[in-house]
Amino acid sequence: MSLLPLFDVSLITRATRPALECESATGLITPYTFGDLETRSNRLAQLLRARGLKTGDRLAFFLQNRIEVIDLWLAGAKLGLIIVPINVLYRERELTHIVHDAAPTAVVTSADLAALIPREVTVWDVAALTTEAAAQPATRLAVPTDADTPLSLIYTSGTTGASKGAVLTQGNFATNALTLVTAWDITSADRYLATLPLFHVHGLANGLHCWLFSGCHLRLLERFEHAKAAQWFEDYKPTLFFGVPAMFIRLLELPADVARKIGARLRLAVSGSAPLPAEVHEKFRQLYGSVILERYGMTETLMNVGNPYAGERRPGTVGLPLAHVAVKVCDEANTPVPDGTTGEVWVKGPNVCSGYWRRPEATAAAWVDGWFRTGDIGVRAADGYITLQGRRSDLIISGGFNIYPREIEELILEQPGVREATVVGLPDPVRGEVPVAYLVVDASKFDEAATVARLRSQLASFKQPRSYVRVAAIPRTALGKVQKHLLKSLTSTS
Ligand code: MCA
Ligand code: AMP
């Protein structure tokens, strides 16, 4: 199963229907039909072909949400390219790693972001590319593709510090979208307000694809800004909203009468990417009259488990396995445990990616007999509902963005005067968790301001430690393992 026939349900058969409105940073709203999207992506595909791109070549984008991301994605699917989305918040260290690892032909970006891209890779300006594409023939170029044709390399933080590219195929994306459109009853009558970034799978594989397959209407916003949320909901009147818990927590700040009106039109609100606290689920229901549907996924697997659309959406749980996804909970010996017993969640199905880009060892470590080890710890109740209880690794999730402490620790340790560094996630009322660094320093050599400046230039904003706590020693077990739980209660010694 490749993607184009599924996209064509909208691109071709709904060509004259309004498909999309894009809001620019200045508030200007531009409408497009599905036919416009077909033509724009055909012209872009012609240009990319003329620039020498062929099946299997990588093409990266480093862009805020805008229509050109959709053009690139569709052109990539048509030409069998491997599109590499890059988080716009990434900075020098993260960008250098991704361009070295993925080796894209070029990175498509905008004038305001171009200076951040490492020099060694070719940069294509998105505005120039779009202007040039507009002069190309509108005829479709489409190479043969199938379920195994890779469509995207999506980087996901690795426990070793360097992120790995999950190789997602057309079949993975097609399975995910078909499953979700069916499970959540998304139809062409829906109106989807898209504020999630298109460089991660929540906004891309769920948001964009559910829209394209169902033929519903989309309003694409550059990014989520909580101060504007009430006005967006009021203007656009969405029936569908997908968000991370931080967004739902922000939405609890709206006045009760506004919330009630929004909730009356909202057919479905879906939360994922991080745990949704049960009290947020309940407060949202009280304020909006809408019961959030929480689901669970990963970059490597797209969506795995979700609360039912028609049945009970149980707070604090991620629900039941989605169609096509097999789930088991295993102990340390890789043996399935009985219901009610905690273990690691393993998944299997056509939604699961084919492995990590050029990382055979990491791939071998994550897959066992065709099952993918998620690293998430959970328990299944007797009636099948799954509750996630934590993670095997010390991954921090802040505002739905993943942070591996090791990556930050490695950079801090490179700074003068730092003898030891450990980063842990502390609770945060909006973002769920935020990173905090605990340091053992040589006070005569350590310069905190210089360290902060260095980290800001090298790593994404959401990875910046909210504070740098100096301690006399990092607590360790007899075997030398850092006891992160003890650090959380430590206070500064200087
Ligand atoms: C976030 N920020 C941005 C952007 N997005 N800045 C510029 N452009 C963006 N597109 C950062 C800023 O650097 C700033 O960092 C902070 O967010 C803004 O803070 P604030 O305005 O207070 O926003 P907020 O109300 O805290 O909301 C933050 C957010 C953001 C909008 C919810 O965290 C977000 O977009 N999260 C979505 C992450 C996501 O899509 N995850 C899916 C991964 P500073 O703190 O320095 O001021 S896919 C996944 O996990 C799996 C597969 C799954 O299951 O879905
Ligand atoms: P990513 O690497 O960005 O794909 O993040 C995937 C991780 O996000 C999963 O392994 C989970 O730890 C976490 N996650 C996603 N959805 C949920 C959820 N509904 N509840 C708790 N954790 C979640």
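Whatever order the structure lists ligands and atoms in, that order sets their numbers, starting from 1. Hydrogens, waters and symmetry mates are skipped; everything else that's a heavy atom, side chains included, is used.
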Trainee: Using a strict 4.0 Å threshold on nitrogen-to-oxygen distance, state whether Arg373 and Glu344 make a salt bridge.
Mentor: yes

Trainee: Atom 21 (C) of ligand 2: which protein heavy atom is closest, and how many Å away?
Mentor: Pro275 N, 3.3 Å

Trainee: Consider ligand 2: state whether an atom of it lies below 4.0 angstrom from any non-hydrogen atom of His200.
Mentor: no

Trainee: Can you find a pair of side-chain heavy atoms, one from Leu287 and one from Leu252, that are under 4.5 Å apart?
Mentor: yes

Trainee: Decide yes or no on ring pair (Phe, Tyr, Trp, His ring centres under 6.0 Å) for His281 and Phe248, but give the supporting numbers first.
Mentor: CA-CA 9 Å; His281 191 277; Phe248 290 103; 9.6 Å; no

Trainee: With a 3.5 Å distance limit and no angle check, can you tell me whether Lys484 reaches the backbone of Val423 through a side-chain donor-acceptor pair?
Mentor: yes

Trainee: Can you tell whether the side chains of Glu414 and Arg93 come within less than 4.0 Å, N to carboxylate O?
Mentor: yes

Trainee: Return the residue, atom name and 0.1 Å-rounded distance of the protein heavy atom closest to atom 8 (O) of ligand 2.
Mentor: Ser273 O, 3.5 Å

Trainee: Would you say Glu300 has any N or O atom under 3.5 Å from an N or O of ligand 2, going by distance alone?
Mentor: no

Trainee: Hey, are the side chains of Val327 and Val325 touching, using non-hydrogen atoms and a 4.5 Å cut-off?
Mentor: yes

Trainee: For the pair Asp376 and Arg391, find out whether any cationic side-chain nitrogen is under 4.0 Å from an anionic carboxylate oxygen.
Mentor: no

Trainee: Could you check atom 34 (C) of ligand 1 against the protein and tell me its nearest heavy-atom contact, residue, atom and distance included?
Mentor: Phe401 CE1, 3.5 Å

Trainee: So which bit of Glu222 gets within less than 4.0 Å of ligand 1, heavy atoms only: side chain, backbone, both or neither?
Mentor: neither

Trainee: Should Arg406 and Glu410 count as an ion pair when the cut-off is N to O under 4.0 Å?
Mentor: yes

Trainee: Which ligand 2 atoms are under 4.0 Å away from a heavy-atom of Leu388?
Mentor: 20 (N), 21 (C), 22 (N)

Trainee: Is any side-chain N of the basic residue among Arg267 and Asp190 closer than 4.0 Å to the acidic one's carboxylate O?
Mentor: yes

Trainee: With nothing but distance in play, are any N or O atoms of Ala246 less than 3.5 Å from an N or O of ligand 1?
Mentor: no

Trainee: Considering non-hydrogen atoms of the protein only, which is the closest contact for atom 3 (C) of ligand 1, and what is the distance?
Mentor: Arg223 NH2, 3.4 Å

Trainee: Does an N or O from Ser461, backbone or side chain, lie closer than 3.5 Å to an N or O of ligand 1?
Mentor: yes

Trainee: At less than 4.0 angstrom from any non-hydrogen atom of Thr299, what atoms of ligand 1 do you find?
Mentor: 52 (C)

Trainee: Judged on heavy-atom distance to atom 17 (C) of ligand 2, which of Ser393, Ser271, Ala274 sits nearest?
Mentor: Ala274

Trainee: Purely on distance, is any nitrogen or oxygen of Tyr296 under 3.5 Å from one on ligand 2?
Mentor: no

Trainee: Please identify which atoms of ligand 2 are closer than 4.0 Å to at least one heavy atom of Glu294.
Mentor: 18 (C), 19 (N), 20 (N)

Trainee: Give the minimum heavy-atom separation between Ser2 and Gln170, together with the two atoms involved.
Mentor: CB-OE1, 3.5 Å

Trainee: Determine, considering heavy atoms only, which of Val318, Val201, Thr301, Val430 sits nearest to atom 52 (C) of ligand 1.
Mentor: Val201

Trainee: For atom 1 (C) of ligand 1, decide whether some protein heavy-atom distance is shorter than 4.0 Å.
Mentor: yes

Trainee: Checking His324 against Thr179: is there a side-chain donor and acceptor pair closer than 3.5 Å?
Mentor: yes

Trainee: Please classify the Leu89 to ligand 1 contact at 4.0 Å (heavy-atom distances, strictly less than): side chain, backbone, both or neither.
Mentor: side chain

Trainee: With a cutoff of 4.0 Å, is Pro197 in contact with ligand 1, counting heavy atoms of the residue only?
Mentor: yes

Trainee: Counting non-hydrogen protein atoms only, what is the nearest one to atom 42 (C) of ligand 1? Give residue, atom name and distance.
Mentor: Ser273 OG, 3.4 Å

Trainee: Say whether Tyr385 and Asn307, considering side chains only, have a donor N or O and an acceptor N or O under 3.5 Å apart.
Mentor: no

Trainee: Would you mind running through ligand 1 and noting each atom that sits below 4.0 Å from a heavy atom of Arg466?
Mentor: 45 (O)

Trainee: Would you say the side chains of Tyr90 and His97 form a donor-acceptor pair under 3.5 Å?
Mentor: no

Trainee: Give me the nearest non-hydrogen protein atom to atom 27 (O) of ligand 1 as residue plus atom name, then the distance to 0.1 Å.
Mentor: Phe224 CD2, 4.4 Å

Trainee: Determine yes or no for a side-chain-to-main-chain donor-acceptor pair under 3.5 angstrom, with Gln415 supplying the side chain and Leu411 the backbone.
Mentor: yes

Trainee: Can you find a side-chain donor-acceptor pair between Asn304 and Thr301 that sits under 3.5 Å?
Mentor: yes

Trainee: Give the numbers and elements of all ligand 1 atoms closer than 4.0 Å to a heavy atom of Arg250.
Mentor: 22 (O), 24 (P), 25 (O), 26 (O)

Trainee: Record the part of Thr299 in heavy-atom contact with ligand 2 below 4.0 Å; permitted values are side chain, backbone, both and neither.
Mentor: both

Trainee: Could you tell me which atoms of ligand 1, counted from 1 in the order shown, lie closer than 4.0 angstrom to a heavy atom of Met298?
Mentor: 52 (C)

Trainee: Nearest to atom 44 (P) of ligand 1 by heavy atom, Gln464, Arg431, Lys463: which?
Mentor: Arg431

Trainee: Side chains of Tyr155 and Asp101: donor-acceptor distance under 3.5 Å anywhere?
Mentor: yes

Trainee: Report yes if Asn402 has an N/O atom closer than 3.5 Å to an N/O atom of ligand 1; otherwise report no.
Mentor: no

Trainee: Just need the protein heavy atom nearest to atom 12 (O) of ligand 2, so name the residue and atom and give the distance.
Mentor: Asp376 OD1, 2.6 Å

Trainee: For atom 13 (C) of ligand 2, what is the closest protein heavy atom, and at what distance to 0.1 Å?
Mentor: Ile397 CD1, 3.6 Å

Trainee: Would you say Lys283 has more than 12 foreign heavy atoms packed within less than 6.0 Å of its NZ?
Mentor: no

Trainee: Under 4.0 Å from a heavy atom of Gln64: give me the atoms of ligand 1 that qualify, with their elements.
Mentor: 7 (C), 8 (N), 9 (C), 10 (N)

Trainee: Compute the shortest N/O to N/O distance between Ser398 and ligand 1 and return yes if it is under 3.5 Å, no if not.
Mentor: no

Trainee: Specify the protein heavy atom at minimum distance from atom 33 (O) of ligand 1: its residue, its atom name, and the distance to 0.1 Å.
Mentor: Gly399 O, 3.0 Å

Trainee: What atoms of ligand 2 come within less than 4.0 Å of a heavy atom belonging to Thr156?
Mentor: 2 (O)

Trainee: List the atom of Pro429, the atom of Ile249, and the distance in Å for their closest heavy-atom pair.
Mentor: O-CD1, 3.5 Å

Trainee: Would you mind running through ligand 1 and noting each atom that sits below 4.0 Å from a heavy atom of Gly400?
Mentor: 38 (C), 39 (C), 41 (N), 42 (C), 43 (C)

Trainee: Show the atoms of ligand 1 that are less than 4.0 angstrom away from any heavy atom in Leu196.
Mentor: 40 (O)

Trainee: Just which atoms of ligand 2 are under 4.0 Å from any heavy atom in Met298?
Mentor: 4 (O), 6 (C), 9 (C), 10 (O)

Trainee: Quick check: does Asn402 get an N/O under 3.5 Å from an N/O on ligand 2?
Mentor: yes

Trainee: Look at Arg359 together with Glu300 and state whether they make a salt bridge at an N to O cut-off of under 4.0 Å.
Mentor: no

Trainee: Report the residue from Ile82, Val107, Leu72 that forms a side-chain contact (heavy atoms from CB on, under 4.5 Å) with Leu59.
Mentor: Leu72

Trainee: Within the 4.0 Å heavy-atom shell around Arg295, which atoms of ligand 1 are there?
Mentor: 53 (C), 54 (O), 55 (O)

Trainee: If we ignore angles and hydrogens, is there a donor and acceptor under 3.5 Å between the side chains of Gln64 and Glu222?
Mentor: no

Trainee: Quick one: nearest non-hydrogen protein atom to atom 6 (C) of ligand 2, plus distance?
Mentor: Gly297 O, 3.7 Å

